[in-house]
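First the structure, in the form of structure tokens, and then the observations on it.
Chain naming here is simple, since letters A, B, ... match the order of the sequence lines and numbering starts at 1 in each.
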There are 2 protein chains.
Amino acid sequence: MSEGRAVPEATVARLAVYLRVLSTMCDGGVLTVSSEALANAAGVNSAKLRKDLSYLGSIGTRGVGYLVEVLRERISTCLGVSEHRAVVLVGIGNLGHALAGYGGFRSRGFRIAGLFDADPNRVGEDICGLRVRGMADMQAVVTRESVSIGVIATPAEAAQEVCDRLVAAGVTSILNFAPAVLVVPDNVDVRKVDLAVELQILSFHEQRKAAGLTVVL
Amino acid sequence: MSEGRAVPEATVARLAVYLRVLSTMCDGGVLTVSSEALANAAGVNSAKLRKDLSYLGSIGTRGVGYLVEVLRERISTCLGVSEHRAVVLVGIGNLGHALAGYGGFRSRGFRIAGLFDADPNRVGEDICGLRVRGMADMQAVVTRESVSIGVIATPAEAAQEVCDRLVAAGVTSILNFAPAVLVVPDNVDVRKVDLAVELQILSFHEQRKAAGLTVVL
DNA sequence: GCGACTTTGTTCCTGCGTTCACAAGCGGCT
DNA sequence: AGCCGCTTGTGAACGCAGGAACAAAGTCGC
Ligand SMILES: NC(=O)c1ccc[n+]([C@@H]2O[C@H](COP(=O)([O-])OP(=O)(O)OC[C@H]3O[C@@H](n4cnc5c(N)ncnc54)[C@H](O)[C@@H]3O)[C@@H](O)[C@H]2O)c1
Ligand SMILES: NC(=O)c1ccc[n+]([C@@H]2O[C@H](COP(=O)([O-])OP(=O)(O)OC[C@H]3O[C@@H](n4cnc5c(N)ncnc54)[C@H](O)[C@@H]3O)[C@@H](O)[C@H]2O)c1
């Protein structure tokens with residue numbers, strides 16, 4: 001395990017959480033942290049946390065723990081957010097507005113390189129210093145600013161079309177908020193966030209809890 | 001596998017996706033669908049889909065496929081959304097406004113029973129026919145409307161406090177949009193949606209792609 | 001300088017989830 | 001009525017992720 005080699009998918013997701021916790025600790029002036037303490041703060045098992053960190057190479061000090069600043073830097077590098085990464089956002093409706101104004105982008109390693117919408121009435125609008133552009137400008141912005149990630153917040157019907165345009169422009173990772181399954185080339189990664197799916201998973205567990213109670217009654 | 005028994009966690013998440021696809025098909029007048037076709041539309045392997053559906057009992061017809069309407073009903077029941085389920089939303093800021101006005105809640109089996117915010121300036125505001133209430137009203141609404149799910153869209157600093165109040169009021173499932181780890185009793189389920197984590201996972205893969213290219217060059 | 005204590009990094013094992021492959025079942029055609 | 005072809009449901013194999021337990025390693029106190 002010399003260098004960040006073959007990091008499991010599940011570990012990557014947790015590294016992002018550790019990074020957030022570490023940033024908070026760093027701001028709070030904490031210098032070192034043990035696997036136990038960090039695991040607690042991140043809501044995971046300490047053994048799992050140590051195994052996760054071991055993929056980045058031996059970076060802790062036995063008997064002491066980890067240097068917060070060093071660990072934070074190491075995870076940032078592994079996740080590719082040590083430099084700000086450019087993102088474009090397409091579909092500046094209700095959700096898009098919230099996302100465009102969200103400070104968490106910048107503080108967590110991303111930079112909004114452009115806002116895009118197909119509606120001419122929205123084009124030109126200013127959101128927190130960023131101007132909404134028409135779809136025609138997308139190709140140029142993606143190329144000029146080396147944008148690698150696109151966020152889709154359009155209605156589901158438009159999602160595939162927007163996705164195709166993003167891919168054609170050179171984007172190779174997509175975060176999709178629209179409830180639609182996207183078809184993309186092999187070299188493009190897609191992640192989806194579906195509010196209703198999350199709620200339905202919770203609903204399923206509620207269902208089970210209720211069934212359990214019924215038996216008890 | 002007589003009745004919906006011991007459905008794996010991973011399957012539950014996919015059932016929600018199948019349900020969405022089936023609803024679209026239903027609206028489109030499609031009567032039957034094969035595992036192959038449904039799997040394609042949902043973006044999964046057909047064998048996985050059949051195994052997922054098998055947890056609901058044998059419901060397909062060999063040589064034909066599944067009846068769209070029957071399957072939709074069956075999954076709805078399993079997920080506990082055959083009747084609308086009540087939800088409360090706390091933190092009506094940028095994100096909260098978008099969520100409050102989101103039509104996908106209702107169409108996918110949920111009903112917003114209340115909007116809550118601690119800011120007196122926001123209380124009383126009307127969003128799509130729903131009035132924003134103060135935190136003091138929460139207990140009463142949760143009890144009266146049998147609310148089982150709470151959605152948190154407050155700043156991270158307030159998330160744990162809001163969570164505690166929701167749990168105290170009787171909510172047993174929480175969807176958390178704030179970047180914070182929530183501590184809850186064993187009987188309460190928590191799911192989180194963290195935009196930055198999703199982006200960082202995509203960023204990680206971008207990092208890998210770039211590394212691969214560097215070697216090739 | 002040495003011993004005891006603390007904490008990491010890793011190994012092993014267990015369990016879950018995914019995939020392949022195929023037998024069983026059903027409809028339709030002759 | 002019987003056969004053929006299509007599709008489901010499931011059994012078995014495989015690979016990945018999680019958890020416990022421990023040996024190595026470094027620090028702190030004396
Ligand atoms: N609002 C929410 O809280 C919420 C929550 C979860 C998911 N979603 C999903 O996010 C998406 C957006 O939701 P919303 O509430 O912001 O919808 P919205 O209708 O308010 O906004 C959609 C925006 O996309 C733009 N658009 C439409 N077609 C386009 C195209 N082809 N190219 C570029 N832009 C186009 C529209 O002009 C509009 O500004 C939807 O798919 C919705 O299901 C929304
Ligand atoms: N805006 C986004 O696109 C976005 C995206 C991802 C995550 N988030 C997260 O969602 C949360 C909300 O984001 P936002 O942009 O809407 O922030 P915001 O500041 O606009 O809204 C927060 C709201 O919560 C209310 N609030 C504060 N303390 C409260 C308390 N103790 N009880 C009840 N209400 C309280 C505030 O009055 C305000 O209305 C944040 O944690 C943010 O990190 C936002």
Side-chain angles (χ1 to χ4, degrees), chain A residues 1-18 22 25 30-72 74-75 78 201 204-205 208, chain B residues 1-18 22 25 30-72 74-75 78 201 204-205 208:
Chain A
M1 307 286 170
S2 56
E3 281 275 311
R5 197 140 31 216
V7 185
E9 192 63 27
T11 293
V12 175
R14 285 191 297 269
L15 285 177
V17 176
Y18 305 152
L22 286 166
M25 286 180 171
V30 181
L31 295 180
T32 66
V33 65
S34 71
S35 63
E36 191 68 31
L38 183 53
N40 278 345
V44 301
N45 184 303
S46 72
K48 201 187 317 196
L49 177 127
R50 286 199 298 276
K51 184 172 287 188
D52 286 341
L53 296 185
S54 76
Y55 291 107
L56 307 180
S58 285
I59 205 166
T61 309
R62 296 172 193 231
V64 177
Y66 302 88
L67 289 171
V68 173
E69 180 57 38
V70 171
L71 190 52
R72 195 175 71 95
R74 200 74 189 72
I75 296 178
C78 174
I201 294 170
F204 169 81
H205 291 294
R208 307 233 90 185
Chain B
M1 306 282 172
S2 57
E3 282 273 311
R5 198 139 32 215
V7 185
E9 192 63 25
T11 293
V12 175
R14 286 190 297 267
L15 285 178
V17 176
Y18 305 153
L22 287 167
M25 287 181 170
V30 181
L31 295 180
T32 66
V33 65
S34 71
S35 64
E36 191 67 32
L38 183 53
N40 278 345
V44 301
N45 183 303
S46 71
K48 200 188 312 198
L49 177 127
R50 286 199 297 277
K51 181 154 285 190
D52 285 341
L53 296 185
S54 76
Y55 291 107
L56 307 179
S58 286
I59 206 168
T61 307
R62 294 171 193 234
V64 178
Y66 302 87
L67 287 170
V68 173
E69 178 57 38
V70 172
L71 190 51
R72 194 175 72 95
R74 199 76 190 69
I75 296 179
C78 175
I201 293 171
F204 169 82
H205 291 294
R208 306 233 91 187

*5' precedence on DNA chain D between A:E9 and B:K51 (nearest-nucleotide basis)*: B:K51
*Would you list the pairs meeting salt bridge (charged side-chain N to carboxylate O under 4.0 Å, His left out) in which at least one residue belongs to residues 56-72 of chain B, sequence neighbours left out?*
B:E69-B:R72
*Do any N or O atoms from the side chain of A:R74 and from the backbone of A:L56 form a donor-acceptor pair under 3.5 angstrom?*
yes
*Which nucleotides of nucleotides 22-30 of chain D have their base under 4.0 Å from a protein heavy atom (B), which only their sugar-phosphate (S), and which neither (-), written as one string 5' to 3'?*
--BBSS---
*So, is B:Y66 near the phosphate of D:dG9, with a side-chain N or O under 4.0 Å from OP1 or OP2?*
yes
*Is the distance from OP1 or OP2 of D:dA17 to the nearest side-chain N or O of A:N45 less than 4.0 Å?*
no
_Distance, rounded to the nearest Å, where B:K48 contributes NZ and D:dG9 contributes P_ = 18 Å
_Closest listed nucleotide, where the reference is the side chain of A:A47 and the choices are C:dA21, D:dA20, C:dG9_ = D:dA20
_In whole Å, I'd like the distance from the CZ atom of A:R74 to the C1' atom of C:dT8._
16 Å
_On the nucleotide D:dT8, are OP1 or OP2 found under 4.0 Å from the side-chain N or O atoms that B:S35 carries?_
yes
Could you list the donor-acceptor pairs under 3.5 angstrom formed by side chains in residues 7-16 of chain A, with sequence neighbours left out?
residue	atom	partner	partner atom	Å
A:E9	OE1	B:H205	NE2	3.2
A:E9	OE2	B:H205	NE2	3.3
A:T11	OG1	A:D52	OD1	2.8
A:R14	NE	A:D52	OD2	2.7
A:R14	NH2	A:D52	OD1	3.1
A:R14	NH2	A:D52	OD2	3.4

*In terms of side-chain heavy atoms of B:R14, which of D:dA17, C:dT18, C:dC20 is nearest?*
C:dT18
